Amino acid sequence: VQLQASGGGLVQAGGSLRLSCAASGRAFSSYSMGWFRQAPGKDREFVAYIGWSGVSTYYADSMKGRFTISRDNAVNTVFLQMDSLKPEDTAVYYCAADPYNGSSRENAYRYWGQGTQVTVSS
């Protein structure tokens, strides 16, 4: 599975962005998909994941109520809708594919995209 993240950019605090992660390769619909992010000088952290069917989702506490993860298996794409953005959301955002049940742990994910930069100005 190859992953291509897009949709990042510069936005003012309080604004919104929608990230996309397009997958190529077989069996996208059998993977759980996750989003992680890495801010400058910090470790990569979990954002959200979604199960293979799209029914189950899970978010890091700081993203609950502001971020929404979704997927469209017909077009092999997972999305991250980010609302009420804050300067501390500034980071490179990565999508990843987990062949099992989805996890907040990085080492559960087998495939990673290249990342897309999100910058939130105050």
Side-chain angles (χ1 to χ4, degrees):
V1 176
Q2 295 179 328
L3 304 174
Q4 179 75 39
S6 62
L10 174 64
V11 64
Q12 288 188 329
S16 298
L17 279 176
R18 189 191 197 202
L19 305 184
S20 299
C21 176
S24 60
R26 60 189 179 128
F28 168 78
S29 60
S30 68
Y31 287 85
S32 295
M33 298 296 296
W35 285 97
F36 290 77
R37 70 184 186 184
Q38 187 167 22
K42 295 186 177 181
D43 293 335
R44 190 154 57 184
E45 65 172 342
F46 169 74
V47 174
Y49 76 72
I50 186 167
W52 65 270
S53 69
V55 171
S56 61
T57 58
Y58 184 75
Y59 298 89
D61 287 344
S62 62
M63 287 69 162
K64 288 179 182 178
R66 299 192 301 122
F67 291 9
T68 304
I69 189 170
S70 61
R71 67 190 296 163
D72 186 342
N73 288 342
V75 293
N76 286 5
T77 303
V78 62
F79 305 98
L80 185 68
Q81 177 68 40
M82 304 186 295
D83 299 318
S84 302
L85 283 162
K86 306 173 182 179
E88 51 264 44
D89 293 318
T90 294
V92 177
Y93 284 71
Y94 299 89
C95 59
D98 173 5
Y100 300 107
N101 297 321
S103 174
S104 61
R105 297 179 293 106
E106 286 189 50
N107 61 7
Y109 291 82
R110 184 174 298 177
Y111 303 103
W112 290 82
Q114 86 292 354
T116 185
Q117 175 71 48
V118 172
T119 303
V120 184
S121 63
S122 56

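On a predicted model such as this, the values are computed, not experimentally measured, just so you know.
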State yes or no: do Val92 and Phe67 share one hydrophobic cluster built from I, L, V, M, F, W and Y residues joined by side-chain heavy-atom distances below 4.5 Å, directly or via other members? no

Give, for atom CG of Asn76 and atom OG of Ser24, the distance between the pair rounded to the nearest 0.5 Å. 8.5 Å

Restricting to ring pair (Phe, Tyr, Trp, His ring centres under 6.0 Å), what partner residues turn up for Tyr93, sequence neighbours left out? none

Does Tyr59 belong to the same Ile/Leu/Val/Met/Phe/Trp/Tyr cluster as Tyr109, with side-chain heavy atoms less than 4.5 Å apart forming each link? no

Going by heavy atoms in the side chains, are Arg66 and Met82 under 4.5 Å from each other? no

Just verifying a value: how many Å separate Ile69 CD1 and Tyr49 OH, rounded to the nearest 0.5 Å? 10.0 Å

Tightest non-hydrogen contact, residues Ala91 and Gln117, listed as O-NE2, 3.4 Å

How many angstroms lie between atom OG of Ser29 and atom CH2 of Trp52, to the nearest 0.5 angstrom? 7.5 Å

Find out if a path of hydrophobic residues (ILVMFWY) with successive side-chain heavy-atom gaps under 4.5 Å connects Tyr94 to Leu85. no

Just verifying a value: how many Å separate Glu45 CD and Trp35 CH2, rounded to the nearest 0.5 Å? 14.5 Å

Between Met33 and Leu3, does the side chain to side chain contact (heavy atoms under 4.5 Å, CB included) criterion hold? Intermediate values first, please. CA-CA 10 Å; Met33 298 296 296; Leu3 304 174; 3.9 Å; yes

Under a 3.5 Å distance rule, please check whether Thr119 uses its side chain to pair with a backbone N or O of Thr90 as donor and acceptor. no

Using atom types as modelled, flag every donor-acceptor pair under 3.5 Å from a side chain in residues 15-22 to any protein atom, sequence neighbours excluded.
| residue | atom | partner | partner atom | Å |
| --- | --- | --- | --- | --- |
| Ser16 | OG | Asp83 | OD1 | 2.7 |

Rounded to the nearest 0.5 Å, what's the gap from CZ on Arg44 to CH2 on Trp112? Could you check? 4.0 Å

Answer yes or no: is there a donor N or O on one side and an acceptor on the other, between the side chain of Gln114 and the main chain of Ala5, under 3.5 Å? yes

Within this structure, what is the CG-CZ distance for the pair Asp43 and Phe36, rounded to the nearest 0.5 Å? 12.5 Å

If you draw the axis of the six-membered ring of Tyr31, does the NZ or CZ of Arg71 fall within 45° of it and under 6.0 Å from the ring centre? no

Would a single hydrophobic cluster contain both Phe79 and Val11, if residues Ile, Leu, Val, Met, Phe, Trp and Tyr are joined by side-chain heavy-atom contacts under 4.5 Å? no

Closest contact, heavy atoms only, Ser121 versus Leu10: CB-CD1, 4.3 Å

Pairing of Asp89 and Lys86 as salt bridge, 4.0 angstrom limit: no

Side-chain heavy atoms nearer than 4.5 Å, only ILVMFWY residues, links allowed to pass through others: does that put Val118 and Phe46 together? no

Of the non-hydrogen atoms in Ser32 and Gly51, which two are nearest, and what is the gap between them? OG-CA, 3.7 Å

